Amino acid sequence: MKKRLVALLVTASMMAMSLFGCSSPESADDAADAAAETPAEESTGEEAAAESTEDNNYIAMIALGFSHQYWQAVKQGAEEAAEELGYRITFEGPEQETMVDKQVDMLKTAIQNNPAAICMAAIDTQSVAEILQEEKAKGIPIVGFDAGVGEEESDVKCSTDSVAAGALAAEHAGELLGGEGKIAIIGHSQTVIDAVERVQGFEEKIKADYPGIEIVDIQYGDGDHVKSAEIAKSMVTAVPDLDLIYTSNEGSCVGAYNGLKEAGKIGEVMLIGFDSSAAMKEAVRSGEIVGAITQDPIGMGRAAVESAVKLLNGEEVESFIDTGCYWYDASNMDDENIAPLLYD
Amino acid sequence: MEKIKTLTKQAEFKRKIVIVIALIVLLIAFGCINPAYLSYNNIMTILLATSTNGLLALGVSWPIMTGGIDISVGTVMTFSCVMSGMAFNALGLPIGLCIIFGILVGAFCGFLNGFMSAKLGLPPMIASLAMQMITKGLSLVVSECRPVYFTDCEWYQNIAIGNFLGINGFYNAVIILIGMCVLSYIIFSKTIFGRYTLSIGSNVEATRLSGINTDNWLIGVYTLCGVFSGMAGLVLSSRLNSAQPALGPGYEMDAIAAAVIGGNSLLGGEGTIVGTLIGALIISSLQNGLRILQISTETQYAIIGVVLIITVAFDQRRKKKKENK
């Protein structure tokens, strides 16, 4: 009965998807994969076993998330590189960047398909350590990207130096405030390592170089737009003379932007963001967000696949590839070296 | 039937008194620690924060009254505003039509929930779990995992955060919430729809035997819940000026918590509309207050959990006392 129910669910959702997704078959397939994962775990296991032919051109990529534009940009870079090099990739990630168990399942399922290499951004490096070590022992290259995987497991890590990214934001915050003022921080996770480092890098830099600046509050909104908006509003209520809010990802930033707008505090309280989106770009262009840090997600996806292929070909690869981070604001966002890093 | 009605009215009154007092105590306590908490702007902030969760809670309290549940309200909310946004951006329909379309999408999802539980015999928890997965997936598929912006319509954002009658800082979303609450209350207390809902919740067999087509009424109840999710989607997307396809999961739990704090029993057969609204207000007042006190996010979750236990335990004790009499 339970199995039939699951089968019914999967069929129903597939049918519905083919109905809605007919205009864009490509993306419908991708998202159908993501959406069908949950109910179809048993059945995908079988399919996976059936599919596992001798396929040496297949690289499995597993990210922290899937639906966010940032991951879509990483995916884009990875796909471009894979196509150029003659490889096939799958790109997956759980719906929320907290679902450790789901991510572990995704990894296990991907391994069933006998990938030639695995690229991974682990939510919790411990929980995938054993599985990855087993695969590494079999001679399969393991590439960490973004949040990466444990040092012992990975052959190479392609990511942004998040501490440096946080510090870069702090430098600009310090300059904008002229070395004096009150700052609050809205983070998006207390557990994901790069999220923690973005806040840590910011705090350390402010404490070290700007003794006149006080960090008055740090709250976490899970990258949820609405929660982050509420947090920003309560911050300006609690600290009426707040000068600046630093946010650690796109959801926190746009959320805080909406919150400040609702509270009528745009212009009074400066806002610094992280990453990019259509809404963020517009607000940065108008100066309502004073600036933001962007990573190079497309380059990161590209670097991950390229390193994996290099390792497969037996070439030497450096153990850490910094894919870089950049400050952008209204003055430089159209520059040649910045504009391609900003995505919708 | 009349007896049920008077009994529930008495019970509802008592229950409301308790949670109204809880809310007032909460407001005064936070206000004493930081007077800014009770400022006009912050009260409006709390009311605006309640608008989405309040609408979802008002909606979900209907299936709860029948002894059922709808855990798809959060994702249906997201799906309805994504669909409305796609109709606006991809099909270029006039915004008014898109809004109505979005609410109809919510209603249709609710209808399917009702159909699955009433006609196909799926337990409401399973039916709405399926709907939660389907709408979560479809929101991402339809939007291609990108936010759907309403920026081409200049006044769309004013639906939620424009000022009502030009009163400074008085958001339209608050009026929408109050309006929907009044509507819900009228349906609940003045129509046979409300009476049948409670009757189904207290004993579905007896109701059926008295000649009422319980299946159709149940479908109606879930459809109404879907309409509320659609309204919540409108308010949320207007606030953000965009439909965020990844939002939604988790919102149903806040809504159910508000309904339960408000005094709705998950066993069905009794219910309160105003209580639900106050339940939602308690949650957002608490969240806002804890944030203003700069209590860490981790601790905030735990505190709200404890409040949930206290209110429900209080309610259970009161019920037991009543039974013993």
Side-chain angles (χ1 to χ4, degrees), chain A residues 5 8-9 12-13 16-17 20-21 23-24 27-28 30-32 34-36 38-39 65-69 71-72 95-96 184 187 190 216-227 229-231 233-240 251 254-255 258-259 261-264 277-279 282 344, chain B residues 34 36-37 39 41-42 44-46 48-49 52-53 83 86 90 122 126 129-130 133-147 149 151 157 160-161 168-169 171 236 239-242 244-251 284 287-298 300:
Chain A
L5 191 71
L8 194 76
L9 266 177
S13 55
M17 276 164 196
F20 281 96
S23 57
S24 54
S27 65
D30 296 338
T38 336
F66 180 79
S67 55
H68 199 277
Q69 298 93 291
W71 297 116
Q72 294 288 315
E95 305 94 90
Q96 279 171 33
Q190 303 101 306
V216 290
D217 196 6
I218 304 178
Q219 300 260 342
Y220 295 88
D222 302 334
D224 176 311
H225 293 68
V226 183
K227 272 190 207 167
E230 308 295 2
I231 291 175
K233 287 169 86 176
S234 59
M235 280 173 166
V236 294
T237 306
V239 187
V254 175
N258 280 314
K261 211 168 163 187
E262 284 170 13
S277 70
E282 201 187 303
D344 281 339
Chain B
N34 186 343
Y37 179 77
S39 68
N41 280 337
N42 197 51
M44 283 302 153
T45 296
I46 293 173
L48 181 64
T52 318
N53 188 34
M83 290 299 280
M86 291 310 287
L122 270 72
I126 305 295
L129 176 65
M133 291 169 170
I134 292 170
T135 44
K136 183 163 69 180
L138 288 182
S139 296
L140 294 172
V141 172
V142 172
S143 64
E144 297 178 8
C145 299
R146 286 160 189 274
Y149 292 101
T151 31
Q157 206 163 15
I161 60 169
N168 190 25
Y171 305 110
L236 181 81
R239 241 190 114 175
L240 301 175
N241 215 356
S242 61
Q244 299 287 338
L247 280 189
Y251 282 57
S284 36
Q287 269 171 347
N288 179 282
L290 294 172
R291 278 175 191 146
I292 287 186
L293 297 189
Q294 306 188 343
I295 287 169
S296 77
T297 320
E298 306 86 292
Q300 288 175 21

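Nothing here was measured: the structure is a model prediction, and the numbers come from that model.
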Using heavy-atom distances under 4.5 Å, tell me whether A/Glu262 contacts chain B through its side chain, its backbone, both, or neither.
both

For a quick test of reading the model, state the closest non-hydrogen atom pair linking B/Arg239 to A/Val226 and the distance between them.
NH1-CG1, 3.9 Å

Distance only, no hydrogens: is a donor on one side chain within 3.5 Å (strictly under) of an acceptor on the other, for B/Gln287 and A/Glu230?
no

Contact origin within A/Ala184 toward chain B - heavy atom pairs under 4.5 Å:
neither

Report the distance from atom CG of A/Asp222 to atom OG1 of B/Thr297, rounding to the nearest 0.5 Å.
8.0 Å

Side chain / backbone / both / neither for B/Asn41 at chain A, heavy atoms under 4.5 Å:
neither

Exercise: identify the closest heavy-atom pair between B/Tyr251 and A/Asp224:
OH-OD2, 3.0 Å

How close do B/Tyr149 and A/Ala279 get, heavy atom to heavy atom, and via which atoms?
OH-N, 3.1 Å

If I measure from the heavy atoms of chain A, does B/Leu240 come under 4.5 Å with its side chain, its backbone, both, or neither?
both

Taking all heavy atoms of B/Tyr171 and all of A/Lys233, pick out the closest pair and write down the distance.
OH-NZ, 3.8 Å

Might you point out which heavy atoms bring B/Gln294 and A/Gln219 nearest each other, and give the distance in Å?
CA-NE2, 3.5 Å

When rounded to the nearest 0.5 Å, the distance separating CD1 of B/Ile292 from CD1 of A/Ile231 is 12.0 Å

Could you work out, with salt bridge (charged side-chain N to carboxylate O under 4.0 Å, His left out) as the rule, every residue matching A/Asp217, not counting sequence neighbours?
none

Pick from B/Thr52, B/Leu247, B/Asn241, B/Thr151: which one has the most heavy-atom pairs with chain A under 4.5 Å?
B/Leu247

Heavy-atom distance under 4.5 Å between the side chains of A/Gln190 and B/Glu298, does that happen here?
yes

Check each atom of B/Ile46 against the heavy atoms of chain A and say whether the ones under 4.5 Å are side chain, backbone, both or neither.
neither

Okay, A/Val239 and chain B: the region with an atom under 4.5 Å from a heavy atom over there is side chain

